[in-house]
Amino acid sequence: MKASLPSRYAVLAGCLLFTCISLPYLATHAWLWPFSLICAVLSLVGLNDLRQSHHAVRRNYPILGNIRYLIETIRPEIRQYLLEGDDDKLPFSRAQRSLVYARAKNESAEKAFGTLNDVYRPGFEFISHSMLPADTPDPASFRIAIGGPQCRQPYSASIFNISAMSFGALSANAIAALNQGAKQGRFAHDTGEGSISPYHREHGGDLIWEIGSGYFGCRTAAGRFDPERFADQARDPQVKMIEIKLSQGAKPGHGGILPGHKVSAEIATTRGVMVGEDCISPAAHSAFRTPVELLQFIAQLRELSGGKPVGFKFCLGHPWEFMGIAKAMLATDIVPDFIVVDGKEGGTGAAPREFSDNIGVPMREGLMFVHNTLVGLNLRDKVRIGAGGKIVSAFDIASVLAIGADWVNSARGFMFAIGCIQSQSCHTNKCPTGVATQDPLRQRALVVPDKAERVYSFHRNTLHALAEMLAAAGLEHPSQLKPKHLVRRISTSEIRQFSQLHVFLKPGELLSGSINSEFYARMWRMARSDSFEPETGEVLANSPAVRRKQTTPA
């Protein structure tokens, strides 16, 4: 152990020795000044390392120990730019980011010399094509009408829209660029739960107003829902739909916080909170506590907004809870106009590691469950379904539409379009590209007209690529995509269509009393319209029989 002392303290000893020896010669040897100054500074660093008590490495290895923390600080950048492979998805691969950048800049996204994907790897997916391709459809026709029978102001939405990202989490310039791009491309911009800021209104792009558990923009001083403030904003013609956020993919069931140092006067005014204080979104809503109360809240918002489409966004958790909402639809005859399914793979901001990694259902499984439940209740034609979670390419869109979605949302895809480089520093207020920061100098680097054009181009070029994929599959509109068009390799010697891989309920099957799937039958028995708690006891024991045969759509 004593033999290691010289190596551990050699750098500090050398710096101290050089500094002391060189001092008498500085007056006559000017060239020594830089070296002496550097050694003096390093000596002070080393002495401070010995004195401090927070880092054992620095105490044992003065000066040298700091190299460890320096390398750790720049590790993400070193990995991203020097070590990362093109297909390492952490969380988005270089190939995915390059695709977005190219389409946002109107550059060619074509690739020479064939695919880099291992097409024999289990999990590889593709869209099957037709021997008789169709004419390429017009991407401008890729729109969907949202608004059920109880809605008086339905909205014609693009099938590809900007997902929820709040002003406060994103900079003013980022919000303005996204909204201007949405205006140019005639697609929707979700406000996120941070309410409607002046930068959402500046360019007049269509808005989906997200109402979270903090009721920002429509809250009382105590943080509860304020109907009058809501009605004032919801009736604005720029607001096309109202979305109640029950949970989000990155941290479902957790709530959120915007740190006080990011709560500027503008953010405070927009959200209706105090400047400089932590802005907290509770984990649960206070306006409702049961499935029936949720639907009554939806009906209230629809009426206060003048009959605009109202729905909710959530990341699926306990399956019986969503089925409880579905039972409440039957009990109350109140039906949401839309449901947005967020996946655990989503998330633009910071979240606890365990929540990001180990809480919530992935988007595809959640989407298929919601779609099946509505089909099984004969409600699917009344409720539109949106979906979001790591969607950036035309194939991403097609694969989600094929298994039940009517439209898709993308958050990080549009962040890439306005310059995000995946530095993963969103929560630090030190975003290097001005996207996720409230630092005026940092966000000044994001030039709104230039980035708005990129948002518009990314949307347009992605839908054009989707149109070409549809034509290759012999289809004329995204609504024609079905599970039979999406194929997955499940082993090195077998591939299957999604219609073969998953259970898809028949129309009205949940109402029939005889359900093919044991899982759906069990969840349906557990669901309650009067509570999010599961049903127990005799109700489960006396439930209808379950048929074993499973059916799939054509």
Side-chain angles (χ1 to χ4, degrees), residues 86-89 91-104 107-130 133-134 136-137 139 142 144 158-163 187 341 343 345-346 362-365 367-368 371 385-414 416-417 457-490 495-499 501-502:
D86 284 347
D87 293 309
D88 293 342
K89 297 183 178 182
F92 286 86
S93 70
R94 179 173 294 278
Q96 289 174 306
R97 301 196 304 273
S98 296
L99 176 67
V100 177
Y101 296 147
R103 286 184 171 156
E107 297 174 353
S108 173
E110 294 179 350
K111 185 187 177 301
F113 221 64
T115 182
L116 294 177
N117 291 327
D118 179 2
V119 299
Y120 295 99
R121 168 185 56 82
F124 175 73
E125 295 178 352
F126 58 95
I127 296 288
S128 58
H129 67 281
S130 172
T136 302
F142 295 174
I144 188 79
S158 169
I159 63 163
F160 186 37
N161 301 292
I162 301 172
S163 194
F187 54 98
V341 181
E345 63 269 47
M363 178 263 289
R364 285 187 175 187
E365 283 71 22
L367 169 61
M368 287 188 285
H371 170 75
I385 300 178
K390 295 192 76 170
I391 294 173
V392 295
S393 72
F395 175 75
D396 295 337
I397 297 173
S399 63
V400 173
L401 297 182
I403 58 175
D406 293 304
W407 88 88
V408 302
N409 296 327
S410 176
R412 288 171 290 183
F414 283 101
F416 290 142
S457 297
F458 170 56
H459 179 272
R460 184 188 69 245
N461 291 328
T462 301
L463 288 190
H464 178 71
L466 176 63
E468 292 182 326
M469 290 188 72
L470 292 172
L475 307 176
E476 297 178 348
H477 192 272
S479 61
Q480 295 175 304
L481 283 164
K482 303 298 179 185
K484 65 184 178 183
H485 295 119
L486 183 60
V487 187
R488 174 184 286 172
R489 177 172 291 284
I490 60 174
I495 62 174
R496 288 189 183 179
Q497 297 169 326
F498 266 59
S499 56
L501 282 174
H502 298 280

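We number each residue from 1, following the sequence as shown.
For the pair Lys390 and Phe92, the cation sits on the ring face: its NZ or CZ lies under 6.0 Å from the ring centre, inside 45° of the axis.
Considering CG of Leu99 and CZ of Phe416, their distance stands at 11.0 Å, rounded to 0.5 Å. Put simply, NZ on Lys482 and OG on Ser499 are 12.0 Å apart, with the number rounded to the nearest 0.5 Å. With values rounded to the nearest 0.5 angstrom, Met363 atom CE is found 6.5 Å from Ser399 atom OG. Expressed to the nearest 0.5 Å, how far CG of Leu470 lies from OG of Ser130 amounts to 12.0 Å. Taken to the nearest 0.5 Å, the CG atom of Leu401 stands 11.0 Å off from the CG atom of Leu475. Put simply, CG on Leu481 and CE on Met469 are 8.5 Å apart, with the number rounded to the nearest 0.5 Å.
Although no hydrogens or angles enter the test, the distance criterion places a donor-acceptor pair under 3.5 Å between the side chain of Asn461 and the main chain of Arg103. Looking at Asp406, its side chain does come within 3.5 Å of a backbone N or O of Ile385 through a donor-acceptor pair. In this structure, the side chain of Asn117 does not engage the main chain of Val119 through any donor-acceptor pair within 3.5 Å. The main-chain N or O of Ala465 is never found under 3.5 Å from a side-chain atom of Glu468 such that the two would form a donor-acceptor pair.
With a 6.0 Å radius and a threshold of 12 heavy atoms from other residues, nucleotides or ligands, His464 has its NE2 atom at or below the threshold. Within 6.0 Å of CD in Glu476 there are 12 or fewer heavy atoms belonging to other residues, nucleotides or ligands.
Here the shortest heavy-atom pairing between Pro139 and Ala467 reads CG-CB, 4.1 Å. A pairwise comparison of heavy atoms in Arg496 and Ile490 identifies NE-CD1, 3.6 Å as the closest pair. Nearest heavy-atom pair, Phe414 versus Ser410, reported as atom, atom and distance to 0.1 Å: CD1-O, 3.2 Å. The two atoms that bring Leu367 and Ala387 nearest to each other are CD2-CB, 4.3 Å, heavy atoms only.
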### Task
For side-chain contact (heavy atoms from CB on, under 4.5 Å), just list the numbers for Ile391 and Val400, CA-CA rounded to whole Å, side-chain angles, deciding distance to a tenth of an Å, and then say yes or no.
CA-CA 9 Å; Ile391 294 173; Val400 173; 4.0 Å; yes
### Query
Can you list the steps and then say if Phe498 with Lys484 is a side-chain contact (heavy atoms from CB on, under 4.5 Å)?
CA-CA 6 Å; Phe498 266 59; Lys484 65 184 178 183; over 6 Å; no
### Task
Give the C-alpha distance, both sets of side-chain angles, the deciding distance and a yes or no for side-chain contact (heavy atoms from CB on, under 4.5 Å) between Leu463 and Ile159.
CA-CA 9 Å; Leu463 288 190; Ile159 63 163; 4.2 Å; yes
### side-chain contact (heavy atoms from CB on, under 4.5 Å) between Leu486 and Ile127, worked out
CA-CA 5 Å; Leu486 183 60; Ile127 296 288; 3.9 Å; yes
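Thr462 has its side chain within reach of Ile397: a pair of non-hydrogen atoms, C-beta onward, lies under 4.5 Å apart. Side-chain contact check for Pro478 versus Leu466: some heavy-atom pair is nearer than 4.5 Å.
If you look at Phe142 and Phe160, their ring centroids are not closer than 6.0 Å.
Listed by chain and residue number, nothing satisfies the side-chain hydrogen bond (donor to acceptor under 3.5 Å, both in side chains) test with His129 (two or more places apart in sequence, or in another chain). Contacts of His459 classified as side-chain hydrogen bond (donor to acceptor under 3.5 Å, both in side chains), with partners at least two apart in sequence or in another chain: Ser158. Evaluation of the side-chain hydrogen bond (donor to acceptor under 3.5 Å, both in side chains) rule for Glu125 yields Arg364, Arg488 as partners, not counting sequence neighbours.
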